Number of protein chains: 2
Amino acid sequence: MTVETGGVDQRRLFELLWGTPTGPRRGPRPTLTLAAIARAGITIADADGLDGLTMQRVAESLDVTKMALYRYVPGRAELVALMLEAAVGEPPAPPAGADWRGRLDDWTRQLFDRFRRHPWAHAATVGPRLPGPNELAWLERVVAALAGTGLTGPEQLDVAVLLVGHARNLAQHAAPDDAPGGSREAAFDALVRGREERFPALHAALRGIDPNTPDQALDFGLARILDGVEALITARAAAVPRHPGGVDERSPGGRGE
Amino acid sequence: MTVETGGVDQRRLFELLWGTPTGPRRGPRPTLTLAAIARAGITIADADGLDGLTMQRVAESLDVTKMALYRYVPGRAELVALMLEAAVGEPPAPPAGADWRGRLDDWTRQLFDRFRRHPWAHAATVGPRLPGPNELAWLERVVAALAGTGLTGPEQLDVAVLLVGHARNLAQHAAPDDAPGGSREAAFDALVRGREERFPALHAALRGIDPNTPDQALDFGLARILDGVEALITARAAAVPRHPGGVDERSPGGRGE
DNA sequence: GTACTCTGTATCCGAGGGACACAGTTTTGA
DNA sequence: TCAAAACTGTGTCCCTCGGATACAGAGTAC
């Protein structure tokens, strides 16, 4: 029982995620596949969330005993990791002829879509964890799109972190099949109503909400982020017209006023 | 056993979060307080995460039986909600004399700090949930800071969502007491090493990482976001030049660009 | 054919959330 | 003053779930 990082067997998980599917030699041939198990788990978690995902249910849906799963997967935590890797899947091809901004825009929306289709994915990605090949491939796409923009390596990764966070965060806000108009704003409105003097600005902001217009938080945030990145890129290009990667003009919007 | 939203009793939770502390009439006076229970839970969760948080341990740390807690809290889920509300606490006062950007910058860093101090808070905030007074008060601060900038109500809320997401996301990346240099990048590097042809851009980006420089993802993302918001605000102001005392003339020298 | 190895199963255990009934305590009403 | 009512903390019980272990059957290598 390795309590390491929430009970995840790092070695075995690494083999499962990154190892080659080595065919066994002797003994009866397995009736299951890692992919099939992950698929079954995804189906269950999509329907009832991570709480509804029990080894028993996964086993039942595959017509095996619960303990049979442990021949393939060390435990529940590793199963979730495999499900996550399968659920994100391979990154989509970048749109043809798009510049870095077009690529990042499309990339974020595609990732958002993945997260929205699998609401449990958010909970499955909290805390440090071992990324799988698909996850790294998604990351590779962002960094590749930003290559040649003048951003440093760390900055490219920071942009990726920013976009992943936004996609993941917004997918959580937008329930997969929620009533249009956003139940979240409705809940806020109900709470603020009767407490206007306590939350005056919030009250005013909520008055400007049209229940018919769909939630545009994804578009809005994405546009702001990409505007900010674009501003940095153009500033870099103007400041250092030659040899990218020199002494960076760090202008942290940090601390001091 | 209300399976509603993960087993949360919405009515009772609303009373716990928003209700007035009505003193009971008859019977022995309670030995515990909601605040004390929440504090005990926070202490445990800070140390061992949400998985380490059991009713048993909370009860032990308060010298009561497990079932005694159920006199105060309907169940574990509601306890976590109370812990969250106590952990975020009241929002800090906005820095004196700061414009909207300064306020939002400070706000985001303070929120980041709260999340970083309580790593379980991220997991506790997945999915739709009932916000408490403190949570709404934090939100109120953002919207108040943006009042008069020309942004619409929904846009102000979208900015808040964006900033909350960034603070929360980055707090997860930055482990509370991790080794400097970022184990995350180190893990990436170890994975990419030997697979350079598969992740060429990632490989190149990782080469530009200096293990000594601290992680600047929070600063970077925050600066990008606020740059993007600022661009929108100035564009709005330029398009609608009237509105006498609305948009303040913020230009304290060379910020950003 | 025999030994070895791998798969799926049956059984068992402990941890954890929570229901329920009961005893003790404090206030209210007569 | 005293009994009834209401509320608190406790002990006990149950169920679910993750996982360990031992075992029986299946398939392969020698």
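Scope of the values below: all heavy atoms of this structure, side chains included, with no hydrogens, waters or symmetry mates. As the structure is a prediction and not an experimental result, all values here were calculated from the model. Every chain is numbered from 1, with letters handed out A, B, ... down the list of sequences.
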Original post:
Tell me: CE of B/Met67 to P of C/dG16, nearest whole Å?
Top reply: 15 Å
Original post:
Could you state the interatomic distance from CZ (B/Arg198) to CD (A/Glu140), rounded to the nearest 0.5 Å?
Top reply: 10.5 Å
**OP:** Could you tell me which residues satisfy side chain to side chain contact (heavy atoms under 4.5 Å, CB included) with B/Val58, sequence neighbours excluded, listed by chain and number?
**Re:** B/Ile37, B/Ala40, B/Ile44, B/Leu53, B/Leu62, B/Leu69, B/Leu79
Original post:
Looking at residues at least two apart in the chain, or sitting in another chain, which of them share a side chain to side chain contact (heavy atoms under 4.5 Å, CB included) with A/Leu222?
Top reply: A/Asp105, A/Thr108, A/Arg109, A/Leu163, A/His166, A/Leu226
**OP:** Provide, to the nearest angstrom, the distance between the CG atom belonging to B/Leu62 and the P atom belonging to D/dG9.
**Re:** 11 Å
Subject >> Residues in side chain to side chain donor-acceptor pair (under 3.5 Å) contact with A/Asn169, at least two apart in sequence or another chain >> reply: B/Arg168
Subject >> Rounded distance in Å - CD (A/Glu60) to P (C/dT9) >> reply: 12 Å
Original post:
Please give, in whole Å, the distance from C/dT7 P to A/Leu69 CG?
Top reply: 13 Å
**OP:** Take atom CG of B/Leu79 and atom P of C/dG17, then tell me their distance rounded to the nearest Å.
**Re:** 10 Å
Please write out each protein N/O paired with an N/O of nucleotides 13-18 of chain D under 3.5 Å, distance rounded to 0.1 Å.
unit_1	atom_1	unit_2	atom_2	d
D/dG18	OP2	A/Met55	N	3.0
D/dG18	N7	A/Lys66	NZ	3.2

**OP:** Could I get the full list of side chain to side chain donor-acceptor pair (under 3.5 Å) partners for A/Trp120, not counting sequence neighbours?
**Re:** A/Asp46
Original post:
What residues form a side chain to side chain donor-acceptor pair (under 3.5 Å) with B/Arg193, not counting sequence neighbours?
Top reply: B/Asp189
**OP:** To the nearest Å, give me how far apart CG (A/Asp9) and C1' (D/dG19) are.
**Re:** 13 Å
Subject >> Summary of salt bridge (Lys or Arg N to Asp or Glu O under 4.0 Å) pairs that have at least one residue in residues 61-80 of chain A, sequence neighbours excluded >> reply: none
**OP:** Please list, chain by chain and in numerical order, all residues satisfying ring pair (Phe, Tyr, Trp, His ring centres under 6.0 Å) with B/His203, sequence neighbours excluded.
**Re:** none
Original post:
Using the C1' atoms of five pairs at each end, what's the angle between the two axes of the helix from C/dG1-D/dC30 to C/dA30-D/dT1, to 10 degrees?
Top reply: 0°
Original post:
From D/dG11, D/dT8, C/dA10, pick the nucleotide closest to the side chain of B/Tyr72?
Top reply: D/dT8
Subject >> side chain to side chain contact (heavy atoms under 4.5 Å, CB included) partners for B/Val143, two or more places apart >> reply: A/Ala201, A/Leu202, A/Ala205, B/Gln156, B/Leu157
Original post:
How many angstroms lie between CG in A/Leu162 and CG in B/Leu170, if you round to the nearest 0.5 Å?
Top reply: 8.0 Å
Subject >> Which residues share a side chain to side chain donor-acceptor pair (under 3.5 Å) with A/Arg57, sequence neighbours left out >> reply: A/Asp48
**OP:** Would you mind telling me which residue lines up with the more 5' stretch of DNA chain D, B/Thr31 or A/Glu78, judged by nearest nucleotide?
**Re:** B/Thr31
**OP:** Spell out protein contact along nucleotides 22-30 of chain D as letters: B when the base is contacted, S when just the sugar-phosphate is, - when no protein heavy atom is under 4.0 Å; keep the 5' to 3' order.
**Re:** B--BBBB--
